[in-house]
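Basis for what follows: all heavy atoms, side chains included, without hydrogens, waters or symmetry-related copies. Quick caveat: nothing in here was measured; it's all calculated off a predicted structure.
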There are 2 protein chains.
Amino acid sequence: MTTPKSVAGRLFTLLGVFSEQRPSANLSELSRCAGLALSTTHRLVSELVEWGALDRDADGRYHVGLRLWELAVLSPGSLGLRERAMPFLEDLYEVTHQNVQLAVRDGLEAVYVERISAHNAVNVVTRIGSRLPVHASGVGLAMLAHAPAEDQELALRSPMRRFTSKTITTPAALREKLAQVRRDGYVVSDAQIELITLSVAAPIRGADDTVVAAVSIVVPQDGVAVGTLVPAVRTAARGISRALGAPSAVRSPRRGAP
Amino acid sequence: MTTPKSVAGRLFTLLGVFSEQRPSANLSELSRCAGLALSTTHRLVSELVEWGALDRDADGRYHVGLRLWELAVLSPGSLGLRERAMPFLEDLYEVTHQNVQLAVRDGLEAVYVERISAHNAVNVVTRIGSRLPVHASGVGLAMLAHAPAEDQELALRSPMRRFTSKTITTPAALREKLAQVRRDGYVVSDAQIELITLSVAAPIRGADDTVVAAVSIVVPQDGVAVGTLVPAVRTAARGISRALGAPSAVRSPRRGAP
DNA sequence: GGATGGCCTTCCGATCAGTGGAAAGTCCAC
DNA sequence: GTGGACTTTCCACTGATCGGAAGGCCATCC
């Protein structure tokens, strides 16, 4: 474990100790995992607690604090987008009763910022805040297809992790898929992450008409008519784009669609 | 503005510059608002960007980064709670089509961690991540009523901000309200924040049977039968408690049924 | 064109905050 | 009582941090 020289780096290392697998830790644990001296850890952690980045419970264990929420919701993927998208996600959920997801792009990863799920909906691997490579997720493909050329180039050149036998892993396949997404205006991502699920995604445009997010719906592989989902997802994506002030969604350009 | 002496403090000061009113800032702005030298700001901000706490857009402006999401969702109010509560919030929304909110307590404040709202629902002041004093919000009262005695004492001794003519502001009134909440098992918070709205809230218990969160529904003052909302909110709260493993919410366990 | 002002970036020496070893304190289990 | 795991406090040394200063970039103004 490389110990960063700067204090800031040490703080980040400490915060990085927390994960889904280890949502809480005691002082020694933090010290060990971060590779810092106990006394140093103690002081830094105390400062983090004082500010609210961490909380300390009755057992002396540390958790991520609620103050970080206040910051996180200020991120571009959150501010405005979530608020405005929510009602449309609601609509989509109400019609389909399946998992509905909202994601933004961070480099070559799709970050899920909202998700609506029902009791009986199919279980998916993603949670809010989690990330998936753009090449392997419906939302990722929807966003990548309309990303700046340099990002697309980078994605084509980067190794693509394989999740299932159907995962796109070659530049050629990805290139073709992206072209198809641009042509159709939506993505059907078939068993790219898990063999039993399928997702339909569509891009969301912001006020400057660039694609800033994507919405998707995840359903079980069998028993759901994909054809009926596509219009619903596209409608929601369009509604959200309009709510964000996207020019192309305000007027109604009929691009070859009936 | 007092300049903190520690590096950690300076980092927090920098992050604290961002707010709902100022979701992005350039370097000089950060330097000015944080009261730090330009060169210092430059170095610290660069480190924050490197780690992902901040992002820098094409115009050279800084935003809160998406990495903070990954941390924020690990907070106790998020991890597990949101995931498990969502379906029940959905149910509540679907039945009522009003604003549904989920909150946790942080000291004497209620922090909203999830909210579902419809196109036509009444507008409320709260957003995800925002805070309200416990004495003035339905969710706050629901949580405070079952909080440790010391926290209740503290709340009774602290000054209570007045939002409207109906806001609880005296220890006596608060004490009585809390007793009522404990007796009834729910809260009707009538115009305590805004005169035109009313909320019904109920406490949610965790695996250790303590109250860890609260769910509420916010409706316009007029035209909605409160009587019909109470059972719905209580049912949802109970369902979430059960999903969290709260002993008191697990009804007569049927054992042996394979 | 040259001047001006705003903003960002880099450099560098003095200084002072940060580090970590060590020791003392706390708590629990055996 | 003893041992062990964890936390808290102390302190002297040191090297990371700070901020002034200088330079670069890019507008806008005269």
Participant: Strictly by ring pair (Phe, Tyr, Trp, His ring centres under 6.0 Å), give each pair with a member in residues 30-53 of chain A just once, sequence neighbours left out.
Facilitator: Trp51(A)-Phe12(B)

Participant: Could you tell me which residues satisfy salt bridge (charged side-chain N to carboxylate O under 4.0 Å, His left out) with Arg127(B), sequence neighbours excluded, listed by chain and number?
Facilitator: Glu20(B)

Participant: Name the pairs: protein N/O against N/O of nucleotides 3-7 of chain D, kept only if under 3.5 Å.
Facilitator:
from: dT7(D); atom 1: OP1; to: Leu27(A); atom 2: N; distance (Å): 3.2
from: dT7(D); atom 1: OP2; to: Leu27(A); atom 2: N; distance (Å): 3.3
from: dT7(D); atom 1: OP2; to: Ser28(A); atom 2: N; distance (Å): 2.8
from: dT7(D); atom 1: OP2; to: Ser28(A); atom 2: OG; distance (Å): 2.6

Participant: So, using salt bridge (charged side-chain N to carboxylate O under 4.0 Å, His left out) as the criterion, who are the partners of Glu29(A) when residues are at least two apart?
Facilitator: Arg22(A), Arg61(A)

Participant: Can you name the side chain to side chain contact (heavy atoms under 4.5 Å, CB included) partners of Ala214(A), sequence neighbours left out?
Facilitator: Val139(A), Ala142(A), Met143(A)

Participant: Which residues pass the ring-ring contact (aromatic ring centres under 6.0 Å, His included) test with Phe88(A), sequence neighbours left out?
Facilitator: His119(B)

Participant: Once side-chain hydrogen bond (donor to acceptor under 3.5 Å, both in side chains) is applied, what residue pairs with a partner in residues 105-114 of chain A remain, sequence neighbours excluded?
Facilitator: Arg82(A)-Glu114(A), Arg105(A)-Asp151(A), Asp106(A)-Arg131(A), Glu109(A)-Arg131(A)

Participant: Any N/O pairs under 3.5 Å between the protein and nucleotides 11-17 of chain D? List them or say none.
Facilitator:
from: dT17(D); atom 1: OP1; to: Val7(A); atom 2: N; distance (Å): 2.7

Participant: State which residues pass side chain to side chain contact (heavy atoms under 4.5 Å, CB included) with Arg182(A); sequence neighbours excluded, sorted by chain then number.
Facilitator: Ala145(A), His146(A), Gln152(A), Leu178(A), Ala179(A)

